[in-house]
Amino acid sequence: MPVSAPAPGPGPTPGPASVSASVPAAPVPVDLPATGALHGAVIDWFDEHARDLPWRRPDAGAWSVMVSEFMLQQTPVNRVLPVHAEWLERWPRPADLATESAGEAVRAWGRLGYPRRALRLHAAATAIAQQHGGEVPREHSELLALPGIGEYTAAAVASFAYGRRHIVLDTNVRRVFARLATGVEYPPNATTAAERRLAAALLPDDEGTAARWAAATMELGALVCAARSPRCGSCPVADRCAWRLAGSPAHEGPPRRGQTYAGTDRQVRGRLLAILRASRTPVPRALLDTAWSEPVQRARALDGLLADGLVERLPDDHYRLPA
DNA sequence: GATTCGTGGGA
DNA sequence: TTCCCAAGAAT
């Protein structure tokens with residue numbers, strides 16, 4: 001039997017406030033059959049098939065989890081692994097990173113992409129050192145107040161690092177729920193109130209079980225319920241998947257436009273920053289000019305990096321990563 | 001709510 | 001080769 005989506009109309013309010021401050025008090029599922037069996041099937045699968053990732057090991061602290069979550073924002077696991085290991089060895093605690101310059105964080109970020117995340121992680125570490133006694137906060141609201149931490153990352157750190165009960169809605173979980181419960185191939189482009197309601201309704205009541213459920217549904221989305229070619233033959237809940245029971249209908253609506261990259265400011269920024277990462281000494285403007293031939297776009301990209309705080313301009317028209 | 005923000009690997 | 005997209009956040 002497929003998992004039923006929340007039905008409109010009156011009903012009991014969803015779980016305690018510990019779910020998340022942003023879960024709307026809204027119509028609630030009247031009947032969610034066999035959620036206990038659902039939890040068990042997914043969590044049992046997770047116990048057997050979960051990847052052995054460094055930030056999941058018993059000796060991994062909250063800082064390791066937090067660093068991994070920053071790096072995993074839009075970057076695949078296999079590319080994060082080596083950089084995460086370097087960071088944890090070099091900066092075992094938030095206070096260690098906080099003593100470094102922001103530029104060192106950007107340099108050590110390497111080619112993970114979206115280097116503003118390095119800046120924000122450095123700023124978050126500084127805030128933790130100065131305002132949280134050097135300990136990664138346990139509360140969702142405190143995590144959310146840190147730079148670079150949004151709704152998802154706050155819930156992920158609280159859940160994975162501290163075993164707290166939160167809805168953890170990343171792209172994997174949203175896709176799993178879209179198929180399993182809603183019966184469509186892909187979730188909406190942006191997270192909706194209906195998705196939060198559904199996730200809250202499916203969240204196990206027990207705190208420890210909820211944390212396992214969050215990790216398990218995410219792993220299921222990453223390994224089995226993949227975006228392109230789902231491996232339904234290996235799925236522990238294929239027999240109750242609404243999308244599959246409906247005949248796996250193709251996604252309706254316009255295809256989400258891919259982000260063309262070649263020729264964009266982002267590519268130019270990437271080239272400029274690669275030059276700056278590679279140099280320990282300030283770089284003359286002439287060297288940066290080799291990054292891109294078109295002068296207007298090149299100047300715009302450099303201005304953007306300066307505005308973002310990823311680059312500093314020195315008096316003699318030299319440039320470097322921020323001190 | 002729509003845009004912007006990197007990079008690289010797999011189908 | 002081209003296209004898709006990968007544990008989002010900030011504006």
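Chain letters run A, B, ... following the sequence lines, proteins first and then strands; every chain starts at 1. All figures in this text were calculated on a predicted structure; none of them were measured in a lab.
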Under 3.5 Å, which protein N or O atoms sit close to an N or O of nucleotides 8-11 of chain C? Give each pair with its distance.
| residue | atom | partner | partner atom | Å |
| --- | --- | --- | --- | --- |
| C:dG8 | OP2 | A:Gln74 | N | 3.0 |
| C:dG8 | OP2 | A:Gln74 | NE2 | 3.1 |
| C:dG8 | O3' | A:Thr153 | OG1 | 3.4 |
| C:dA9 | OP1 | A:Gly150 | N | 2.9 |
| C:dA9 | OP1 | A:Thr153 | N | 2.9 |
| C:dA9 | OP1 | A:Thr153 | OG1 | 2.6 |
| C:dA10 | OP1 | A:Gly148 | N | 2.7 |

message: Give the residues of residues 282-307 of chain A touching DNA chain B, defined as any heavy atom closer than 4.0 Å, sorted by residue number.
response: none

task: Mind checking side chain to side chain donor-acceptor pair (under 3.5 Å) for A:Thr209 and listing every partner two or more places apart, or none if nothing turns up?
output: A:Asp206

query: Heavy atoms under 4.0 Å, any strand shown: does A:Arg111 hit a base, just sugar-phosphate, or nothing?
result: sugar-phosphate

- prompt: So what does A:Ala156 hit on the nucleic acid, given a heavy-atom distance under 4.0 Å: a base, only sugar-phosphate, or nothing?
  reply: nothing

- request: Name all residues meeting the salt bridge (charged side-chain N to carboxylate O under 4.0 Å, His left out) criterion together with A:Arg120; count only those two or more places apart in sequence or in a different chain, and write none if there are none.
  value: none

- prompt: Can you check the A:Ile167 CD1 to C:dA7 C1' distance for me, whole Å?
  reply: 15 Å

query: What residues, two or more places apart in sequence or in another chain, satisfy salt bridge (charged side-chain N to carboxylate O under 4.0 Å, His left out) together with A:Arg79?
result: none

- prompt: Between A:Leu112 (CG) and B:dG8 (C1'), how many Å, whole number?
  reply: 11 Å

message: For A:Ala190 and A:Gly113, find the nucleotide of DNA chain B closest to each by heavy atoms; which residue's nucleotide sits nearer the 5' end?
response: A:Ala190

task: Nearest-nucleotide wise, let me know which of A:Asp265 and A:Asn78 is further upstream toward the 5' end of DNA chain B.
output: A:Asp265

field: Short N-O contact, A:Glu219 and A:Arg56, less than 4.0 angstrom
entry: yes

message: A:Asp52: which residues meet the side chain to side chain donor-acceptor pair (under 3.5 Å) condition with it, sequence neighbours left out?
response: A:Arg57

task: Send over the distance from A:Arg79 CZ to B:dG6 P, rounded to a whole Å.
output: 13 Å

- prompt: Taking the hydrophobic residues Ile, Leu, Val, Met, Phe, Trp and Tyr, and joining any pair whose side-chain heavy atoms are under 4.5 Å apart, which ones share a cluster with A:Val311?
  reply: A:Val106, A:Leu119, A:Val268, A:Leu272, A:Leu273, A:Ile275, A:Leu276, A:Val283, A:Leu287, A:Leu288, A:Trp292, A:Leu302, A:Leu305, A:Leu306, A:Leu310, A:Tyr319, A:Leu321

query: In residues 53-63 of chain A, what residues come within less than 4.0 Å of DNA chain C, judged by heavy atoms?
result: A:Leu53, A:Trp55, A:Arg56

message: Checking the side chain of A:Thr35 only, and the main-chain atoms of A:Leu38 only, is there a donor and an acceptor separated by less than 3.5 Å?
response: no

query: Quick one: side chain to side chain donor-acceptor pair (under 3.5 Å) partners of A:Ser159, sequence neighbours excluded?
result: none

message: Using whole Å, what does the distance between atom P of nucleotide C:dT2 and atom CZ of A:Arg228 come to?
response: 16 Å

With sequence neighbours excluded, residues passing side chain to side chain donor-acceptor pair (under 3.5 Å) with A:Glu294: none

Please output the side-chain donor-acceptor pairs of residues 220-237 of chain A that fall under 3.5 Å, not counting sequence neighbours, one pair per line with the distance.
none

task: Check salt bridge (charged side-chain N to carboxylate O under 4.0 Å, His left out) between A:Glu100 and all other residues, then give those that pass, not counting sequence neighbours.
output: A:Arg90

